[in-house]
Protein chains: 2
Amino acid sequence: MNLEPFFKARTIAVIGASRESGKIGNVILKQLMGRAFTPYPVNPSAESILGLRCYPVVTDITGSVELAVIATPAATIPAVLDQCGKKGIHHVVIISAGFKEIGNTKLEKQLQDKLKANNIHCIGPNCLGVFDAHTKLDMLFLPHEKLKRPKPGVISFISQSGATGSAILDLAAHEGYGFAKFISYGNAANVDESDLLEYLANDPDTKVICMYVEGITQGRKFIDIAKRCKKPIIAVKGGTTTVGSRAAQSHTGSLAGSAEVYFGAFAQAGVIRAKTLQELFEYVTIFEKSRVRAAGNRVHIVTNGGGYGILTADAVEHEGLQLAKPGKNLSQLRKNFPPTVVLHNPTDLLGDATDERYQLVLDAIIKDSENDAIIVIALPQTPLLDENLIHVLAAAYKKSHKPIVLVTTGSETAQNLKRKAEAAGIPAYDFPENAVRALAAYTKYCSNC
Amino acid sequence: MNLEPFFKARTIAVIGASRESGKIGNVILKQLMGRAFTPYPVNPSAESILGLRCYPVVTDITGSVELAVIATPAATIPAVLDQCGKKGIHHVVIISAGFKEIGNTKLEKQLQDKLKANNIHCIGPNCLGVFDAHTKLDMLFLPHEKLKRPKPGVISFISQSGATGSAILDLAAHEGYGFAKFISYGNAANVDESDLLEYLANDPDTKVICMYVEGITQGRKFIDIAKRCKKPIIAVKGGTTTVGSRAAQSHTGSLAGSAEVYFGAFAQAGVIRAKTLQELFEYVTIFEKSRVRAAGNRVHIVTNGGGYGILTADAVEHEGLQLAKPGKNLSQLRKNFPPTVVLHNPTDLLGDATDERYQLVLDAIIKDSENDAIIVIALPQTPLLDENLIHVLAAAYKKSHKPIVLVTTGSETAQNLKRKAEAAGIPAYDFPENAVRALAAYTKYCSNC
């Protein structure tokens, strides 16, 4: 299935374009203007919109049209699809709602027939459509002050729920995550989550694929595509309980099905299940950043706070990882430190730790062969730790062939350290358990590929 | 045990006061100056420090002294305690480290003997001491740019680990939590976590008590005091696994003991266990704000995003709460809404929800007797939701005799809504699961008291 025009089309008809500011057909048209696109407003009752010539019907457009975005009332859609077919448009995104999600199965069936008859691929109906952070193709009809757009990056996100998708996108933008593509696919008339997954699997801009799904329509197809996908797929499933899946049915009409069947399918297909949206964010952080594999599950912890070291060790055991044995290189540092510094694992550099202590220890444990990944805890409240620590961490990360994850908690100093670490490619977390959970998911993924 | 002077002393000796900026004895002295305290610097090798007359020995001070904060080297402490005894000081905080935590049990024993002989209550050694956000008694020797102080409030926090405590305090200040008292008690020479708990149980400034503990020395005493305490006690236990408890032993010398024994004791004593520091924050939010009890575990969910409603319903089942039956008042709203609005539970107000829809539904379900608590999901990305929503929520909360919790996700608009909701007394969370987890803990607490 060729889905390329959904993301890369240059000539785009906006059917249901509107002169009224704030209306869906106005917002979408505006977002296509002043960019690399040629948008064609279509609306029988306007001569021009936003200074562009307006066409009564899509067939009146003289140039070729690669993609139509449709925001007219549900009842008009079958006729609009015939017009699209006549114009030779084979890709449409239908934003409009009012189909099977409100019980209007007759209209949904009509829509399906028209898509088939006219050989049209359709994202939607009842969706937010597509946002491509690289090409800037942006059909989200929510203004930027309501829904921030993330910067270009390597994360793509497929969401069955429009509101969930837009909330996540907005938060992701706020937190500085970089995106490739976002797709809200709504009722999935004939392009479903599996088709989109397949497209993203081959998309050079996408490194990590995230999904929010309530129901998957064709399980076998999904498993096959996911299995072939060489990129991490992180999925949150809505409707994992009796009450949740009942709610899902009235939301997207999805038969959410037994959670166990889904989790089994995810496991079989190598899909990483995030139990919550927060976990999704945590996982994305490590999967997006990591450029080296975890060769095994032996973790070494370096800390300047004993309590944090303990909580991290607890989490390591809890998540099925192992606390690594301290290696030879680490033990040889004994002479460099006061006797109170604990050179076990966790390695406790104590409250008077300096960045030099971190540097010596990191250099040693990167070389030691007893561990596969390193968790660095840096509580910047302690008196002798200063801004130079980020350079020590970045340098260590650069030469490390093992994943390094940072845990840091606190106000501005900690938040700055976190931001700078992430800019240097080091996944960073506020609390031990979140870091360990993400590392465990990453380690498991690495062990399967 | 009278612990009052640790928080309310006015005349305070700083033994080991220093002229050198940044030194512990300098920072602490500075923090006591210009406030309601009379600090007396004690240091044999200075005539004056920061413009204050300096005393060679504490006995040289002419006025009475209620409290001594000691930051001299470990070896000097036994003699210093004799001088304190001679001066009639019965409360000391020993910041200095170098006792049993590094294996120096002989010195720890000497210290214990001196405390006993001189009838002195001691917080520490090897600790950060006390911070009282109301009296401003502040012994934290970390400057404000490293460790922000929280504003005055009703949360008190007892931490066995200094670095963990200060990281949490710093983050709490950053997030706007209000504190009563913070105590880092280190080796607990003769004032332990149970004594502090007893004090806070009777402290009028304290509404919620938080604890980070690795080991509890006198289990029976702790259980008895916790049982009698009429305030919620939320505790994080470090060293719940084999590897974690081994690390705890080299940290605070605590025999972390079997996790099951601890969790059993917590349950018996009515202590709320937070599994992680993040959960501690989540729980504190609801316990600090809530002014009404949850009479039962039946939850009603109102949402403008179907996916979020489903995830919340999943979490409700997962956390052992119940999805409430929709009540009569809610059903009677049918005529007020388009047919697509879902008046079940979750109540889905849809992507075109207005604050008026929220108002009507909240008024109805507050009146309905089928539910005990309400979770409101407001995704502010949707087009028709505006700033007025906060007034609707605040008004609903004001007249509600049931807990109301908000879930909102996204960038500035969501973060603002969250902040304003919390200012209005409504606990607010970024994600469904965190809100439900906190509500479940709160509901359980209410059912036991």
Side-chain angles (χ1 to χ4, degrees), chain A residues 102 142 145-148 160-164 166-168 170-171 173-174 212 214 238-244 247-248 250-252 276-278 304-311 313-314 316-318 323 340 342 344 346 348 351 379-383 409-414 430-431 433-434, chain B residues 102 142 145-148 160-164 166-168 170-171 173-174 212 214 238-244 247-248 250-252 276-278 304-311 313-314 316-318 323 340 342 344 346 348 351 379-383 409-414 430-431 433-434:
Chain A
I102 59 159
L142 301 160
E145 64 272 17
K146 282 220 163 238
L147 173 61
K148 248 184 166 169
Q160 185 166 9
S161 166
T164 300
S166 59
I168 294 307
D170 190 29
L171 182 60
H174 185 66
Y212 171 76
E214 286 162 16
T240 56
T241 60
T242 318
V243 295
S250 70
H251 179 221
T252 46
T276 64
L277 295 175
Q278 187 192 328
N304 66 336
Y308 263 61
I310 292 163
L311 292 171
D314 281 338
V316 160
E317 183 162 318
H318 192 74
L323 216 57
T340 44
V342 180
H344 302 152
D348 189 351
L379 301 175
Q381 292 80 24
T382 55
T409 304
S411 60
E412 280 77 12
T413 321
D430 280 325
F431 296 110
E433 298 80 6
N434 313 54
Chain B
I102 58 157
L142 301 159
E145 65 273 16
K146 282 221 163 237
L147 174 61
K148 248 183 164 171
Q160 185 166 9
S161 166
T164 300
S166 59
I168 293 307
D170 190 29
L171 181 61
H174 185 66
Y212 171 76
E214 286 162 17
T240 57
T241 60
T242 319
V243 296
S250 71
H251 179 221
T252 46
T276 64
L277 295 175
Q278 188 193 327
N304 66 336
Y308 263 61
I310 294 164
L311 292 171
D314 282 337
V316 161
E317 184 163 319
H318 191 75
L323 216 58
T340 44
V342 181
H344 303 151
D348 190 351
L379 300 176
Q381 292 79 25
T382 56
T409 304
S411 60
E412 280 76 13
T413 322
D430 280 324
F431 296 111
E433 298 81 5
N434 313 55

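Numbered from 1 within each chain, the chains take letters A, B, ... in sequence-line order.
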Problem - Spacing of OG1 belonging to T240(A) relative to CG belonging to D314(B), to within rounding of 0.5 Å - result: 3.5 Å
Fill in the blank from the handout: Honestly, the part of T413(A) sitting under 4.5 Å from a heavy atom of chain B is side chain
Exercise for the section: To the nearest 0.5 angstrom, please state how far the CG atom of L277(B) sits from the CD atom of E433(A). Expected result: 6.0 Å
Exercise for the section: Using a cut-off of under 4.5 Å on heavy-atom pairs, state which of G309(B), A173(B), G307(B) scores highest against chain A. Expected result: G307(B)
Problem - Pick from E412(A), Q381(A), H174(A) with the largest number of heavy-atom pairs that fall under 4.5 Å of chain B - result: Q381(A)
Problem - Between CD1 on residue I168(A) and OG1 on residue T409(B), distance to nearest 0.5 Å - result: 6.0 Å
Handout entry: Euclidean distance, L311(B) CG relative to T276(A) OG1, rounded to 0.5 Å
Key = 9.0 Å
Problem - Side chain / backbone / both / neither for F431(B) at chain A, heavy atoms under 4.5 Å - result: side chain
Exercise for the section: Check each atom of E145(B) against the heavy atoms of chain A and say whether the ones under 4.5 Å are side chain, backbone, both or neither. Expected result: backbone
Practice task
Please answer whether the main-chain N or O of V243(A) pairs with a side-chain N or O of E317(B) as donor and acceptor at a distance below 3.5 Å.
Solution key: yes
Handout entry: Structural part of D430(B) lying under 4.5 Å from a heavy atom of chain A
Key = neither
Exercise for the section: Nearest 0.5 Å please: distance from the OG1 atom of T241(B) over to the CG atom of L323(A). Expected result: 8.5 Å
Fill in the blank from the handout: Interface check, chain B: of V342(A), L147(A), I102(A), L142(A), most non-hydrogen pairs under 4.5 Å belong to L142(A)
Fill in the blank from the handout: In terms of heavy-atom pairs under 4.5 Å with chain B, the winner among N434(A), T242(A), D348(A) is T242(A)
Handout entry: Region of P380(B) in contact with chain A, defined by heavy-atom distances below 4.5 Å
Key = backbone
